[in-house]
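As the structure is a computational prediction, the values presented were derived from the model and not from experiment.
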Amino acid sequence: LLAQSGRKVVVLEAGEALAEADYGHDEGEGFERMFLKAGLLASEDVGIAVIAGRVLGGGTTVNWMTCFRPSGRLLSQWAEASGVPGLTGIGLQRSLDEVERRLNVSREEGALNAHNERLVRGAKALGWHYAFQPRNAKGCGDCGMCTFGCQWGGKQSTPRTYLQDTWDAGAVIVARASVGRVLFNNGQAVGVEAAVGSMGALPGRDEGSHRLTVRAPLVVVAAGAVESPALLLRSGLRHRALGRNLYLHPATVVSGVYDEDVPAWTGPLQTAYSDQFADLDGRGYGVKFESTPIYAGLAATGMPWLGGAEFKREMMDLRHTGTLLVLCRDRNTGRVTIDRQGNPHIYYRLGRQESKHILYALKEGTRLLLAAEAREVHTLHTRRASILREERDDPAAWSRYTRQIDRLGAAPNDLMLFSAHQMGTCRMSASPSQGVVDGAGAVHGVRGLYVADASVFPLSSGVNPMITVMGLAHWIGFRLAR
């Protein structure tokens, strides 16, 4: 929007600029080249793995194309929490409409792979809610490797849409450019300082990089809810809310082992979901069931170590293993800080409500997989809870299983937890004491500095946030361009 309005725009991307032909199907290389900290970022207690894109296009390049629009109920909660009434206005709705149009969001390319079919089958058998996900796809293939970019060009990511539009409008895009700090003069943002040529380097700290200074009267930060607050903290800002109010949508998995092949590395990865338990408290806080892919390395990371023979058996059984994602909308928050070198550190613990909802969902997710005819279902606890198909109608066996889940709990490192959705650390609020940016995305107390990413969320979204992020960015950008 800014480039198309005639402004001179420079986009600095910390990751690589990969052409679609360069996207590979090697899992190790994919994580190393396309994810923050090579996919190994975690909270300080290593209780939750934090997965975020670090490549041109960010999350839109590596996600699974799930396109949920924020509900009216959610936006009303946000408006109430932030004091920004515009969040429920027609302007944001028009921006969401435009984003969905540009990304080709529809349900027309939502074929069910084996995992998604099992989700639907189990929900039908139990009489639960299920539906098919809208996706930003056009000519989607069946490779099942969306996590590492789409070689087919079927994923309508930002390199195919908005970044291409930006380039066509004359913008400059600089990849492998890690911004160290925003530059200020008398309370006005006047540019940024970056290191170019070395992944993850900060200016002056890596011999393989060189310094780049961009002078500009308008700086828009969009580095995600981990790196955006880190950048602003490195730049000397000390807002009360900066780095706080971190939401992670903590997630885990229930695994089902089937008699037949259910390869989770083929076909569209997320096409069905269930909101049967999406509202467990009357305020829209609960869990969403979706499907996830299983790659060998990803499976090995999440699998509890129960001995060499058991590990080999389970890895050999991956073709028969299907997963159900338990995605929790969190009310409890964490924090992002920086160390002396300016690197971000994540502090996050499940609250009582989140733990309760996740443990409840593990039990109900087990019901769904058993109803889908899994021969065995187990959790990702380090000591693992499991139940067999023939035990599903045995009250004593079911009681034993559910008590085991409650006993194992969801404390750090007792249950494999991960986050693909980081939100809230530069949250939007009309009050400078409660938020970092105002309703226009402008950083309180600084002229010419804006934030436009998931870090501005006033509360967690409860759904995969891509469309919400892009809708907010369009809404902020449209007003800036005018």
Side-chain angles (χ1 to χ4, degrees), residues 40-51 225 245-256 273-281 283-292 294 298-306 314 321 323-336 346-370 376-387 398-424 459-464:
L40 298 176
L41 183 65
S43 57
E44 284 298 290
D45 61 5
V46 203
I48 183 163
V50 178
I51 304 168
N245 311 301
L246 171 68
Y247 299 98
L248 290 181
H249 276 174
T252 188
V253 160
V254 192
S255 296
Y273 69 99
S274 173
D275 274 346
Q276 182 68 26
F277 304 104
D279 186 1
L280 292 173
D281 70 345
R283 289 278 296 166
Y285 287 85
V287 295
K288 181 182 287 288
F289 288 144
E290 297 176 342
S291 290
T292 66
I294 305 176
L298 202 58
T301 301
M303 201 177 289
W305 179 255
L306 304 174
E314 293 193 6
T321 302
T323 57
L324 185 68
L325 176 68
V326 175
L327 181 71
C328 178
R329 184 185 180 195
D330 46 342
R331 187 195 302 270
N332 199 52
T333 63
R335 186 180 182 186
V336 172
I346 300 168
Y347 297 87
Y348 185 93
R349 286 284 186 95
L350 290 183
R352 182 178 299 178
Q353 176 174 283
E354 289 78 17
S355 296
K356 178 182 176 182
H357 287 177
I358 286 173
L359 295 177
Y360 178 76
L362 289 176
K363 302 166 194 175
E364 296 304 316
T366 297
R367 289 188 196 274
L368 187 148
L369 294 182
L370 289 174
E376 179 184 357
V377 178
H378 52 77
T379 68
L380 294 187
H381 283 97
T382 53
R383 291 183 176 84
R384 178 169 291 174
S386 61
I387 188 170
W398 181 256
S399 178
R400 171 194 59 78
Y401 176 70
T402 57
R403 287 200 311 271
Q404 187 180 16
I405 287 177
D406 288 335
R407 185 172 64 254
L408 294 173
N413 300 296
D414 285 343
L415 174 67
M416 179 66 186
L417 293 169
F418 56 91
S419 163
H421 308 152
Q422 301 88 46
M423 304 155 283
L459 303 168
S460 60
S461 65
V463 298
N464 306 56

## Note on the structure
With sequence neighbours left out, the residues meeting ring pair (Phe, Tyr, Trp, His ring centres under 6.0 Å) with H249 are H421

#### Entry: Residue pair D279 / Y285, side-chain heavy-atom distance below 4.5 Å
no

#### Entry: Spacing of CD1 belonging to I405 relative to CZ belonging to R400, to within rounding of 0.5 Å
10.0 Å

### Query
What pair of heavy atoms forms the shortest contact from S461 to R329, and how long is it?
C-NE, 4.1 Å

### V336 side chain reached by Q422 side chain, heavy atoms, under 4.5 Å
no

### Partner set under ring pair (Phe, Tyr, Trp, His ring centres under 6.0 Å) for Y401, not counting sequence neighbours
W398

### Message
Going by side chain to side chain donor-acceptor pair (under 3.5 Å), name the residues that satisfy it together with R349, two or more places apart in sequence or in a different chain.
### Response
D45

### Task
Could you tell me the separation between the OH atom of Y347 and the CD atom of E44, rounded to the nearest 0.5 Å?
4.0 Å

### Query
Would you say E364 and Q276 make side-chain contact, with heavy atoms under 4.5 Å?
no

## Note on the structure
For S274, the side chain to side chain donor-acceptor pair (under 3.5 Å) test, sequence neighbours excluded, returns none

### Message
Measuring only between side-chain heavy atoms, which start at C-beta, is L362 closer than 4.5 Å to L415?
### Response
yes

### Query
Given T292 and T323, is the side chain to side chain donor-acceptor pair (under 3.5 Å) satisfied, shown in steps?
CA-CA 6 Å; T292 66; T323 57; 2.7 Å; yes

### Task
Not counting sequence neighbours, list each pair that qualifies as a salt bridge (charged side-chain N to carboxylate O under 4.0 Å, His left out) and has a residue in residues 404-416.
K363-D406

### Task
Count the heavy atoms of every other residue, nucleotide or ligand shown that sit under 6.0 Å from CZ of R383, and state whether that count exceeds 12.
no

#### Entry: Non-neighbouring partners of T379 that pass side chain to side chain donor-acceptor pair (under 3.5 Å), sequence neighbours left out
H381

### Validation row: K288, V463 side chains within 4.5 angstrom (heavy atoms)
yes

### Message
Using the salt bridge (Lys or Arg N to Asp or Glu O under 4.0 Å) criterion, which residues pair with R331? Sequence neighbours excluded.
### Response
D281

### Task
For R403, check salt bridge (Lys or Arg N to Asp or Glu O under 4.0 Å) against everything at least two apart and list the hits.
none

### Query
Taking only residues two or more places apart in sequence or in another chain, which ones pass ring pair (Phe, Tyr, Trp, His ring centres under 6.0 Å) with F418?
none

### Message
Does T382 form a side-chain contact (heavy atoms from CB on, under 4.5 Å) with N413? I'd like the steps, not just the answer.
### Response
CA-CA 7 Å; T382 53; N413 300 296; 5.6 Å; no

#### Entry: side chain to side chain donor-acceptor pair (under 3.5 Å) partners of E354, counting only residues at least two apart
none

### Query
How far does CD1 of I358 sit from CD of Q353, to the nearest 0.5 angstrom?
10.5 Å

### Query
Going by heavy atoms in the side chains, are V253 and I294 under 4.5 Å from each other?
no

#### Entry: Pairing residues for Y273 by the ring pair (Phe, Tyr, Trp, His ring centres under 6.0 Å) criterion, not counting sequence neighbours
F68, H129

#### Entry: Test side chain to side chain contact (heavy atoms under 4.5 Å, CB included) applied to S291 - qualifying residues, sequence neighbours left out
H115, N116, L119

### Message
Testing V254, L324, L327, D275 one by one against F289 for a side chain to side chain contact (heavy atoms under 4.5 Å, CB included), which residue passes?
### Response
L324

